[in-house]
Number of protein chains: 2
Amino acid sequence: MTTASFERPILTVDVVLLALLEQGRLHVALSPRPSDPFKGKLALPGGFVHTDKDRNTVDSARRILADKLGFAPSHLEQAFTESGPKRDPRGWSASVVYLALHPAAQLAPLQADGRVQLFDIDSLPRLAFDHLLLVEQAVKRLRAKAAYTSIAAHLLPREFTIPQMQTAFEQVTGQQVNAANFRRKILETGALKETRMVPAAYRPAQAYRLVEPLTDFGYNLF
Amino acid sequence: MTTASFERPILTVDVVLLALLEQGRLHVALSPRPSDPFKGKLALPGGFVHTDKDRNTVDSARRILADKLGFAPSHLEQAFTESGPKRDPRGWSASVVYLALHPAAQLAPLQADGRVQLFDIDSLPRLAFDHLLLVEQAVKRLRAKAAYTSIAAHLLPREFTIPQMQTAFEQVTGQQVNAANFRRKILETGALKETRMVPAAYRPAQAYRLVEPLTDFGYNLF
DNA sequence: ACAATAGTGTCTTTGAGACACTATAGA
DNA sequence: TCTATAGTGTCTCAAAGACACTATTGT
């Protein structure tokens with residue numbers, strides 16, 4: 001290997017933080033960039049990996065969310081790494097993209113005090129860098145995974161009813177499923193643990209919480 | 001954001017190149033490192049991203065395989081990115097790991113002239129860096145994907161028979177499947193295109209090739 | 001009492017898997 | 001003609017989906 005005439009690339013982490021707003025549509029968290037490049041343009045929460053503190057890139061993602069938004073998402077997973085010479089005007093860069101999910105309710109305060117803005121993923125404004133592409137790819141991954149795992153439950157409060165979960169599932173995947181069959185399959189997986197009864201619109205409903213890690217359904221739900 | 005007292009991390013690409021040897025076991029391509037760190041130790045083909053030539057990290061992966069092994073794999077996909085301060089003694093590093101698959105036959109010459117050594121993934125020697133972990137994770141991903149896509153076909157020659165494909169599938173997943181049902185399901189997907197008849201052990205068999213991109217089965221094959 | 005949602009029981013239909021069978025070669 | 005492998009046809013059974021029904025609340 002010849003010694004090189006190339007610079008070290010930039011390494012960043014970007015987080016595609018998604019929430020399901022009341023109207024039931026997926027929204028992504030964006031904030032205007034505080035500085036150049038793309039000063040003032042909307043962008044994903046992201047930043048450089050801090051080699052002095054971060055033990056790895058998930059750590060970076062958590063630190064960035066804590067610093068910029070002041071909270072820890074209920075689900076965070078690595079999605080993919082995007083790279084190239086042109087995606088950041090500062091130079092050749094690679095960005096490790098994380099997919100984060102969180103209940104919408106807890107995002108409202110952040111939105112109120114202007115730390116983030118939530119945008120419907122189907123009508124995004126122009127974004128800084130290649131962040132539009134990053135959002136699209138992350139959403140695609142969520143939709144795929146929602147079809148055969150309990151991942152969509154992370155968009156709900158920690159306690160939720162089965163009809164709520166079904167709604168979240170349907171809104172993420174865009175597919176309708178039969179309520180009786182959804183209930184049967186999801187309970188069979190053992191992904192849920194009963195908690196308490198909660199008042200619902202009419203008849204009260206049994207609430208559940210996720211029983212730790214992502215469980216997959218028998219296979220696909222449709 | 002305070003201006004930072006941290007260095008840019010190292011960015012590398014490592015390739016987990018897998019092949020199915022005649023005996024039917026998965027093997028990974030390794031070579032002794034030509035220089036420090038870990039000089040002489042076995043490692044995955046990998047190297048720095050060259051910001052002067054690579055248009056992205058897949059490009060880096062292809063360049064590395066071309067330079068070090070002199071060939072282009074029949075399948076190459078990004079798997080995940082591993083990172084941390086200790087995995088490379090030169091400093092905080094991130095490695096984008098690619099999964100590559102290739103027919104074993106074409107690897108034999110490289111093995112003959114010493115460019116690579118192929119090791120059974122179930123009895124690996126000590127490896128440089130965290131490469132053992134990288135291999136394990138990449139193999140796990142292959143096994144998962146083999147269950148519901150045609151990915152395992154990339155371990156076969158470009159033209160192959162259905163019984164051959166079944167064998168590859170079974171060796172990768174470790175699951176036995178019924179020949180008649182395997183044939184039916186794989187043909188239903190439209191993943192295969194007939195080519196010509198080839199002599200087999202006794203009755204000659206119809207050969208097929210993959211009809212480009214990864215197709216997924218109805219769902220899981222078992 | 002009625003409307004609205006939660007939750008159950010059951011029938012039908014589909015598809016996965018088992019398996020017996022036919023087809024075509026080499027020995 | 002026998003054996004080994006390629007490839008087909010069909011039956012069974014379990015699971016997915018459809019759907020009618022009961023249960024429990026608010027209004």
Side-chain angles (χ1 to χ4, degrees), chain A residues 22-24 146-150 152-153 156-157 159-171 173-209 215-222, chain B residues 22-24 146-150 152-153 156-157 159-171 173-209 215-222:
Chain A
E22 304 70 36
Q23 322 86 308
Y148 61 92
T149 72
S150 51
L156 299 172
E159 293 194 353
F160 52 85
T161 67
I162 288 185
Q164 279 170 1
M165 182 170 172
Q166 180 178 350
T167 302
F169 172 86
E170 289 179 344
Q171 280 158 343
T173 63
Q175 302 274 338
Q176 301 272 108
V177 291
N178 176 278
N181 300 334
F182 182 84
R183 175 183 302 274
R184 179 161 37 79
K185 273 194 106 170
I186 192 95
L187 287 177
E188 269 171 10
T189 64
L192 304 186
K193 183 175 159 67
E194 290 185 10
T195 56
R196 61 206 175 86
M197 296 300 294
V198 293
Y202 289 85
R203 169 173 173 178
Q206 177 65 53
Y208 297 84
R209 59 174 184 70
T215 320
D216 68 356
F217 304 155
Y219 241 59
N220 228 317
L221 266 174
F222 31 80
Chain B
E22 305 70 36
Q23 324 86 307
Y148 61 93
T149 72
S150 52
L156 298 172
E159 294 195 353
F160 52 85
T161 67
I162 288 185
Q164 277 170 1
M165 181 170 172
Q166 179 178 352
T167 301
F169 171 87
E170 289 179 343
Q171 280 159 345
T173 64
Q175 301 274 339
Q176 300 272 109
V177 292
N178 177 280
N181 300 334
F182 182 85
R183 175 183 300 274
R184 178 161 38 79
K185 275 196 104 171
I186 192 96
L187 287 177
E188 269 170 10
T189 65
L192 303 186
K193 182 173 158 69
E194 291 186 7
T195 57
R196 61 204 175 86
M197 296 298 295
V198 294
Y202 288 86
R203 172 173 170 176
Q206 176 67 52
Y208 297 84
R209 58 175 183 72
T215 318
D216 67 357
F217 303 156
Y219 240 57
N220 229 318
L221 267 174
F222 31 79

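These numbers come from a predicted model, not from an experiment. Note on naming: letters A, B, ... go to the chains in the order of the sequence lines (proteins, then strands), and numbering restarts at 1 for each one.
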To the nearest Å, give me how far apart [atom1] ([X]) and [atom2] ([N]) are.
{"X": "B/Q164", "N": "D/dA6", "atom1": "CD", "atom2": "P", "result": "8 Å"}
{"X": "B/L187", "N": "C/dG15", "atom1": "CG", "atom2": "P", "result": "17 Å"}
{"X": "A/F182", "N": "D/dA16", "atom1": "CZ", "atom2": "P", "result": "14 Å"}
{"X": "A/R183", "N": "D/dA16", "atom1": "CZ", "atom2": "P", "result": "17 Å"}
{"X": "B/E194", "N": "D/dA6", "atom1": "CD", "atom2": "C1'", "result": "14 Å"}
{"X": "B/E188", "N": "D/dT8", "atom1": "CD", "atom2": "P", "result": "13 Å"}
{"X": "B/I186", "N": "C/dA16", "atom1": "CD1", "atom2": "C1'", "result": "15 Å"}
{"X": "A/Y148", "N": "D/dA15", "atom1": "OH", "atom2": "C1'", "result": "21 Å"}

Look only at the side chain of A/T161 and the backbone of A/A207, and say whether a donor-acceptor pair between them is shorter than 3.5 Å.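 No, A/T161 side chain to A/A207 backbone: no donor-acceptor pair under 3.5 Å.
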Can you give me the closest heavy-atom contact between [X] and [Y], atom names plus distance?
{"X": "B/Q23", "Y": "B/Q171", "value": "O-NE2, 4.2 Å"}
{"X": "A/R183", "Y": "A/I162", "value": "NH1-CD1, 3.9 Å"}
{"X": "B/F160", "Y": "B/A153", "value": "CZ-CB, 3.9 Å"}

Take nucleotides 18-27 of chain D nucleotide by nucleotide from the 5' end and write B, S or -, depending on whether a protein heavy atom sits under 4.0 Å from the base, only from the sugar-phosphate, or from neither. BB---BBBS-
Just to verify, what does A/Q166 make a side-chain contact (heavy atoms from CB on, under 4.5 Å) with, not counting sequence neighbours?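 Here the qualifying residues are A/E170, A/V177, A/A179, A/F182.
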Test of understanding: with side-chain hydrogen bond (donor to acceptor under 3.5 Å, both in side chains), list the residues that count as partners of B/Q164, not counting sequence neighbours.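 If we apply the side-chain hydrogen bond (donor to acceptor under 3.5 Å, both in side chains) test to B/Q164, skipping adjacent residues, there are no hits.
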Measuring from the side chain of B/K185 (C-beta onward, heavy atoms only), which nucleotide among C/dA16, C/dG7, D/dA16 has the closest atom?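 So the nucleotide nearest the side chain must be C/dA16.
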